[in-house]
Every structure is written in C-alpha cells, then in structure tokens.
Protein chains: 2
Amino acid sequence: MRRDIFQAIADPTRRAIIALIAMQAMTPNAIAQHFDSTRQAISKHLRILTECELVQQQQQGREIYYSLQLEKMKEIDKWLDQFRQIWESRFNNLDKLLAKMQKK
Amino acid sequence: MRRDIFQAIADPTRRAIIALIAMQAMTPNAIAQHFDSTRQAISKHLRILTECELVQQQQQGREIYYSLQLEKMKEIDKWLDQFRQIWESRFNNLDKLLAKMQKK
DNA sequence: TATAAGTGAAACTATTTGGTTGCACAAACT
DNA sequence: AGTTTGTGCAACCAAATAGTTTCACTTATA
C-alpha cells in the first residue's frame, strides 16, 4: 500500500474533499453530501488522506471533524521548488536575451 | 483511462523521470539506464507523461529526445494557490494576533 | 544489402484502486 | 431500555495500473 501525498491527490474526489475542508472542518456525512458516491466511499478516501497526514481528525461527541493539514500541503510546494527554480532561471535568461537585443 | 497531471505525478518513477529531464532533454534509453525496470516500462511512463503534455518529444534521427514542459508543471502550482492563500491568511491572522498582544 | 541500434505498441499478468453492500459499535435521543 | 444517528471496517468486485515479454518499424552502420 503506497501512501504518499502525491498518490493521495491523484484522485479527483480526494482533491475535491481537500478543497472542501480547507476552509473549515467537516464531518464525513457532511462531506459525503457533496458527492454522488456513498458515505463509505468518502470514509475510505478520508482514511487515505489521514494516513498520509494530509487531513486531521477531531472527535466531538459521536461526530468526527476532518480538517486539512496545510503544513502537509506545503510538501507539494516544496517538491515544485526544483522546477520553479528552473522556470525562473529560464525567465531570467529570456530577460537577459531581450536586454541584449535592445542594446543592438 | 484517466490522464491528468495529478495522476501522472502520482507514480514515483514518473516523478523521477520528470526531475531527470527537467534540466536537459534525454532519450528513452538514457532515461531507462537510471532505473531498474525495462526500457519498455519507461517508454510507457513517457507515453503517459506525453499524453498529459507534461513532456515533449523531439525526434533527432532515430533518437527521440524527451524534455519537460515546464508550463504544464505550473498547473500544479496554480492548484496549490487556493491553499497558499489560506496559509498566508492564517499567517497574517497570527501576525495580527501577535501585534494585538504586544499592544496590551 | 545485411545487420545493429533506438524506439513504440500490443498482449498478457499480478497488484492496486475505487467503489459497493453489510456489518459492528458508541453516542445521543425518546 | 430501546431506537436513531454518526461513524469505521471487512469482504467482495470491476476496472485501472505498472510491469513484463514479444514483435514491428525505422534509421544508422558495416
């Protein structure tokens, strides 16, 4: 069972769940109402999201509130960094090239 | 056959391929040498990456050079934006709170 | 022209995935 | 105490996935 953030966000339903609970914590039932599939299917997605620590639980009586762990989302951002550096350097090169062309 | 960037970067081998060709274009054979699996398996990954336009081909005689389409990578960055906004606003809120506390 | 090298694609396979239905269990309500 | 509500988990299933082996095709090279 592979369980990393990239595999977690691969599924469109899971991405939708993430976006849904990003602003405020929600219960599985409340989340499931936004989708066509059964509550159990959503529950499974929540388990996957919890396992890779993208999502956090908070028990409240018999209800469980799920919320996004923003810190974990930053790991994706961190992975993108290596490419961001490249696209910025390419932009700079283009910048230099344009400056050079204007000089002539 | 789902084919989007998020599904494409879910596989660790594909992420490794992306990182490998980010700086310079490479042929399938050259790429495959960096991995344990067969050239054909890598070829399949390259097809998936090409299909979702994360990767670009350039024929050169009988060789095909694969390179990363940085622009496409930005789509992930764009998706992250919605969360970036949240984590920045949370930081700002914390900032305001700290300022408030100092006033007292 | 014959052969080697670089590649993609099809066929097959084991494993993983996302979904379902059917439980079990604890907390809240009557 | 009995029932409803909110939840997780196991068992099962169809489809997708990542890999392999085998083959075909095209471009170089001897």
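All figures in this text were calculated on a predicted structure; none of them were measured in a lab.
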Find the distance A/Leu46:CG to D/dG8:C1' and express it as a whole number of Å.
11 Å
Counting primed atoms, P, OP1 and OP2 as sugar-phosphate and everything else as base, the B/S/- map of nucleotides 23-30 of chain D against protein heavy atoms under 4.0 Å is ----BS--
Please list residues of residues 25-35 of chain A whose heavy atoms come under 4.0 Å from any atom in DNA chain D, ordered by number; otherwise none.
A/Thr27, A/Pro28, A/Asn29
When the distance from CZ of A/Arg47 to P of C/dT20 is rounded to whole Å, what number comes out?
16 Å
To the nearest Å, give me how far apart CG (A/Leu49) and C1' (D/dG8) are.
15 Å
Test of understanding: with side-chain contact (heavy atoms from CB on, under 4.5 Å), list the residues that count as partners of B/Asp77, not counting sequence neighbours.
A/Asp77, A/Leu80, A/Arg84, A/Trp87, B/Arg84
Holding to ring-ring contact (aromatic ring centres under 6.0 Å, His included), I want the full list of residues that pass it with A/Tyr66, two or more places apart in sequence or in another chain.
none
Kindly point out which of C/dT17, C/dG18, D/dG19 is positioned nearest to the side chain of A/Arg3?
C/dT17
Spacing between A/Gln57 atom CD and D/dC9 atom C1', to the nearest angstrom:
13 Å
May I ask you to verify whether the side chain of B/Lys44 and the base of D/dG19 hold a donor-acceptor pair under 3.5 Å?
yes
Mind checking what makes salt bridge (Lys or Arg N to Asp or Glu O under 4.0 Å) contact with A/Glu63, not counting sequence neighbours?
none
Partners of B/Lys74 by salt bridge (Lys or Arg N to Asp or Glu O under 4.0 Å), sequence neighbours excluded?
B/Glu71
Quick one: salt bridge (Lys or Arg N to Asp or Glu O under 4.0 Å) partners of A/Arg47, sequence neighbours excluded?
A/Glu51
Test item: A/Arg14 and A/Ile9 side chains (from C-beta on) under 4.5 Å apart, heavy atoms
no
By side-chain contact (heavy atoms from CB on, under 4.5 Å) - contacts of B/Ser37 (at least two apart)
B/Phe35, B/Ala41, B/Ile42
Listed by chain and number, what are the side-chain contact (heavy atoms from CB on, under 4.5 Å) partners of A/Gln82, not counting sequence neighbours?
A/Trp79, B/Ala19
Tell me the interatomic distance from A/Ile48, atom CD1, to C/dG18, atom C1', rounded to whole angstroms.
8 Å
